[in-house]
Amino acid sequence: MFDSLFCLIVYTMNSNFKFFIENILQKDIKQFLALSGGDISQAFKIETDSDNYFLKSHQSPQALYMFQAEKLGLESIHKTNTIATPRIIACDQFEHRSFLLMEFIETKAPTRKDMSSLGKQLAALHQTTSKTFGLNSDNFIGSLPQSNQEHHNWKDFYLQERLLPQLRLAKNKGLLTNSDCPPENQISITLEPLLKDVTPSLLHGDLWSGNFLISENGTPYLIDPAVYYGDKEVDIAMTKLFGGFGEHFYEAYYESDAASSKSELKIEIYQLYYLLVHLNLFGRSYHGSVVSILKKYF
Ligand code: ADP
């Protein structure tokens, strides 16, 4: 969800860890290249004679849970056969280091055609539905925990599992005052008519421009998801939060899904969640955008 500047630096990896990874791959590693730009974890390209691999690693106590949730998310998108995800090779811990090891995707700059493919394939992903909103396991948004407790009603899910936990966290951190925040029952009443008649769709859950890759042959890949079943417009809202994915993406998306509601009102309501997450992770620079949506709708 955060901007990244990409460059490669040859990295001298701890030899025990290198050996551990070689054992998993059953191949000799030629080199580790440190990729700058991973906001949360350290990211590496691992080169071998036959293939290249992508490794994310982190030493925080919750990192293994984060990587396990990411793996589960990538695998659940993969199972839909609608859009590609990098193949996962391992999710494990070595000494105090947790890591996620996957196929390395060689990328190119997206063309209009690639963005159309991404739009079309995302619309297909969103056709994967469920009886309830949420998921049978929790995950993370950035480094913050994200509850996926299941609900039958979308408004209840979005209020209880998305907006309220972030609003309460922002108040606890002193990032929002009581006067910034409308009463919880007022938020609920306002959301009721806006969030009606929603089908639970499988979402990427954190779809900003750093979370898709276009491979050299033009295949779109989704990475770093925070999946759950929710309103498909949540993913669209996130694509529009920091500038949008371009007209070819949206044309292809809506052509493939003519039934989609395209409600601009919902877009801002859904962006509110991501802006609250940014406020809680990065602080006051997001305060103005959060308060302006709170005042506009509630
Ligand atoms: P973080 O969760 O720390 O932000 P990301 O999963 O977003 O880390 O990865 C950091 C960067 O590495 C991404 O912006 C992307 O450009 C690149 N990347 C991620 N996964 C792969 C992959 N499988 N192959 C090639 N590059 C990748």
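In each ligand, atom 1 is the first atom listed, and ligand 1 is the first ligand listed.
A cation-pi arrangement is absent between Arg112 and Phe249 under the rule of less than 6.0 angstrom and at most 45 degrees off the ring axis.
The residue among Lys56, His58, Lys45 with a heavy atom at the shortest distance from atom 8 (O) of ligand 1 is Lys56.
Arg168 pairs by the salt bridge (charged side-chain N to carboxylate O under 4.0 Å, His left out) definition with Glu184, not counting sequence neighbours. Applying the ring-ring contact (aromatic ring centres under 6.0 Å, His included) rule to Tyr229 yields no partners; only residues at least two apart in sequence or on another chain are considered.
When non-hydrogen atoms are compared, ligand 1 lies under 4.0 Å from the side chain of Phe54 (C-beta onward) but not from its backbone.
Backbone and side-chain nitrogen or oxygen atoms of Ile105 are examined, and one is located within less than 3.5 angstrom of a nitrogen or oxygen of ligand 1. Considering backbone and side-chain atoms together, Asp224 places an N or O closer than 3.5 Å to an N or O of ligand 1.
Between Tyr53 and Phe44, the gap from one ring centroid to the other reaches at least 6.0 Å.
The contact set between ligand 1 and Pro86, taken as ligand atoms under 4.0 Å from a residue heavy atom, comprises 23 (N). Taking every heavy atom of Gly210 and a limit of under 4.0 angstrom, the matching atoms of ligand 1 come to 14 (O). Remark: ligand 1 atoms within the under-4.0 Å shell around heavy atoms of Met102 are 23 (N).
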Salt bridge (Lys or Arg N to Asp or Glu O under 4.0 Å) between Lys56 and Glu70: does it pass, once the steps are laid out?
-> CA-CA 11 Å; Lys56 282 169 88 161; Glu70 183 173 342; 2.9 Å; yes

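Using a distance-only test at 3.5 Å, with no hydrogens or angles considered, no donor-acceptor pair links the side chain of His152 to the main chain of Phe133.
At least one heavy atom of Leu213 sits closer than 4.0 Å to an atom of ligand 1.
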